[in-house]
Amino acid sequence: MTTTTRTNNTAYTEKAQERCANRDILPVKIGVLFLCVLVFAIALRSIAQVPTVRFIDVNGKTVAEVQAHYQNKRVYLPVDAVKQVIDPAATHQYNHPRQRLTLKTKDRQIRLQMRRPTVSIDPGGQTVTLSTPPIIVAQQPMLPIAFFTELLPILNDVEVIYNSSLNRLQIRPKDTLIPVETNGTQDLIIIVDPGHGGTDDRGCAGSTGVLEKDIVLALAKQLQWTSKQHGIQVHLTRETDTEKTHFERIQVAKQSRGQLFLSLHCNASFSPYHKGIRIYVNNPKGQLRFTSTIKPALTGQRLKILAQADYLKQSKDLAYALQTELNFLTETPIQIIDLPLIALSDAYMPAVILELGYLSNVEDLERLSNSEYTASVAQAITRALQRYISSINQNTLPTVSEQ
Ligand SMILES: [Zn+2]
């Protein structure tokens, strides 16, 4: 009895151990199965995911998404893309034996020879050399991105911008942005304020040792240079790695007769996942609420602050312009955050703070350390400034007559 019990007990223990072992193995099996399913799903998704190029209009809206072909890290599009995004009435003929493509669009004939960079345009007999020639894929002619970025501005009065990391192509009419010189706004002085500076105020730092004060200064200089090419005057609140108080920055803005204040910063977060550009608008209404409690002593000051409320619309206009232009560079839509910016409380002009990205995020840090990316940011900000200036030009007359 005792023996059987013992045997039974042993058997029970063994079974229990086996069950225990099974229980240990079971999650592993489920885990492996889950992993297999996941790998399969990812593989299936990457097979199903056809690379595309997204065409974007001047307002940042998607016009078309065209299937693309990749070859030697270059992107090519079918000839139909021309019909889809540029001219629905365009026609084309492809001579297979001669590998010659003739494209007819808007009374013009464009002749391309496959694998050759030279393009001829008739009437006029103009020739253009593309940086990448067209190719043949599955017996069909394919156009390089260079066809759109290099040839379209010559054919039509457009500007074409390509974002190679996101595969976005923006075609915008040249005259949407009124040239600065012709509208008497060449005197509109924009103050760009690179945040922080000096040894004691370095701003935030990236894991690579990159400092906010250096990123924003380099970008501010790049922006000043790019803007100058477009006739926009940009003054910097600091040109070197020096410490400046908020008061000194505002003083520079006032002395330079600035009419717009754009402060450049970078973000940092405890979470490595926080990333992306943020735009902060100076909303003086918050300050107005605050100052109303001490209004008896601040009549003159209050008047100034009331006048500052007029800048809210302009600050927002600039923020929207920045959002539209910078969205082209990012995967996630850029947020505009509306709040009273104490740092800019004395800047009696429209004011916006642009946070270029999180130095605590690996992707943002990598992007902001890449001069090609920062150059495209400087160009996008310049386009935003152009957009803002042209909106002022359009609004100038009615505002003056109202007053
Ligand atoms: Zn900062």
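Whatever order the structure lists ligands and atoms in, that order sets their numbers, starting from 1.
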The single option from Phe328, Phe148, Tyr162 that satisfies ring pair (Phe, Tyr, Trp, His ring centres under 6.0 Å) with Phe55 is Phe148
Salt-bridge criterion met for Lys275 and Glu331 (N-O under 4.0 Å): no
With respect to the Zn ion (ligand 1), what is the nearest N, O or S atom of His265? ND1
Using the side chain to side chain contact (heavy atoms under 4.5 Å, CB included) rule, pick out the option among Ile86, Thr105, Ile171 that qualifies with Asn156. Ile86
Any N, O or S atom of His196 closer than 2.8 Å to the Zn ion (ligand 1): yes
Taking Arg249 first and then Asp193, would you say they form a salt bridge - that is, a charged N and a carboxylate O separated by under 4.0 Å? yes
Leu318 vs Pro350 side-chain heavy atoms within contact, under 4.5 Å: no
Would you say the Zn ion (ligand 1) has Cys204 as a near neighbour, meaning an N/O/S atom of that residue under 2.8 Å away? no
Counting backbone and side-chain atoms alike, is an N, O or S atom of Glu355 positioned under 2.8 Å from the Zn ion (ligand 1)? no
Glu212: its N/O/S atom lying closest to the Zn ion (ligand 1) (atom name): OE2
